[in-house]
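Atoms within a ligand are numbered from 1 in the order they appear, just like the ligands themselves.
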Amino acid sequence: MNQDSLTITDNRTGKTYEVPLEHGTLRAMDLRQIKAAAGDFGLMSYDPGYLNTASCKSQITFIDGDQGILRYRGFPIEQLAEKSSFLEVAYLLYFGNLPCAEELSIWDRGIRYHTMVHEGVKRFLDGFRYDAHPMGILVSTIAALSTFYPEAKNIFDPEMRKIQYYRLVAKMPTLAAFAYRHRMGMPYVYPDNSLTYAENFLNMMFHGMEPVGDRHLSLDHIPELARVLDILFILHADHEQNCSTSAIRMVGSAQTDPFTAISAAAAALYGPLHGGANEAVLRMLREIGSRDKIPAFVQEVKAGNKLLYGFGHRVYKSYDPRAKIIKRAADQVFEILGRNPLIDIALELERIALEDEYFVKRKLYPNVDFYSGIIYEAFGFPTDMFPVLFAIARASGWYTQWEENLKDDEQKIARPRQVYLGSGETAYVPQEICLPGSEKAIAYKTIQPTKR
Ligand code: ACO
């Protein structure tokens, strides 16, 4: 018997099947041969939320959640955060190897000179309400790029794909900053291509704004703070098959152009369970208010009444390696901009939680979001810009994953199955029979949209 195989006995029929194993997985299609009767469809696996389903073979990002390891193309995230720039990491993700100086310079130039957006995009932006959420604007404007660059549909032309990559990664900060300034009612600041990627973004965001209230950043700080932001971008550049990355692979499997597919990924990131946890951390820290209230808060969490936001992760059952790096970055930011008082509450909360049996037993450690919100707030980013910052960094990973999926001969248009539990064939009920006050009429009324 083949050692790399699984023997399955179907207790319904008494039949035994041997299915091959590869890379610790069995092919779901190998289950189809297992039938209760001749006309049967065959066995499927049921996995809501894809908790235990590998959807692709990938060479981009490796995570070992138990050991707290994250690597891009084999390189530990700690080394990349210390030694690389975000654009160098983007190159690494896309091509699979670190660039030499000349390659990096060509790459940097390619991205640097695609930062402008068509003036039509600006008019498109103007159509949004004054208080539009910047992430909503970003999702829509990324999709709109596909109409400005219809040649992006030539997805099987490698050169064309590279140009769209330049455009996307270059324009993400411009779209993000424009979305923010639209909301603030401030004139847009055009990209300055003499600046680095992160400097350019900070300049487009904050140029002409005086530091006020809890917004501390002034233009003098940009060169120093740009490196910290660059590190945060590196940490968020890719994270294998999460919700947004799976979304782009799924949409891309229909051979959709990259801009439209990326907008779907950004839409997934917009959800509070994905890109919104760092905002929840800030709310939680404010609600706690002071260090002496932490023990009572932890008791509430342990009683199941509250969630400790920024703790726990589906994959990491150890310290999220990105959280360690972010914690150090926080110190650098506070040295320049002054200490965000929330950090003291966060540090004490982490200390208490890591010593508490409840969290230790469940392997709950700080994740990337525990400290990132505190840093972003110190920069002066409003909380609804947090997922936008995430999206700027993740665009490089999304694009690379989209392209890997496209080139994978094993991939097909994504089309999961379902377990149907609805009604059997039902006879049509004419409207006349649906009397006012009947169950059907009441059900209809309750689903009418409420007016704004
Ligand atoms: N606070 C308190 N208890 C928690 C937390 C938490 N943050 N996270 C998990 N637990 C508990 C659960 O209640 C459960 O307890 P039980 O065994 O007594 O029922 C146990 O730990 C296991 O939790 P699961 O829900 O099975 O863990 P899962 O892997 O499904 O969830 C998740 C991971 C969603 C991230 C969760 O830890 C959580 O909600 N964390 C807070 C939100 C957050 O920080 N999200 C950001 C994640 S990072 C990112 O997306 C970029």
**Message:** When you compare the side chains of Tyr50 and Gln241, does any donor N or O come within less than 3.5 Å of an acceptor on the partner?
**Reply:** no
**Prompt:** Taking His182 for the side chain and Arg129 for the main chain, is one N or O donor matched with an acceptor at less than 3.5 Å?
**Reply:** yes
**Request:** Name all residues meeting the ring-ring contact (aromatic ring centres under 6.0 Å, His included) criterion together with Tyr188; count only those two or more places apart in sequence or in a different chain, and write none if there are none.
**Result:** Phe178
**Selection residues 60-70 - residue pairs positive for side chain to side chain donor-acceptor pair (under 3.5 Å), sequence neighbours left out** = Thr61-Asp238
**Message:** Tell me if the aromatic rings of Phe381 and Phe386 count as close, with their centers under 6.0 Å from one another.
**Reply:** no
**Request:** Report all protein residues having a heavy-atom distance below 4.0 Å to some atom of ligand 1; order the list by chain, then number.
**Result:** His274, Ala277, Val301, Leu307, Leu308, Tyr309, Gly310, Phe311, Gly312, His313, Arg314, Lys317, Tyr358, Arg362, Leu364, Asn367, Val368, Asp369
**Prompt:** Taking only residues two or more places apart in sequence or in another chain, which ones pass side chain to side chain contact (heavy atoms under 4.5 Å, CB included) with Gln299?
**Reply:** Lys302
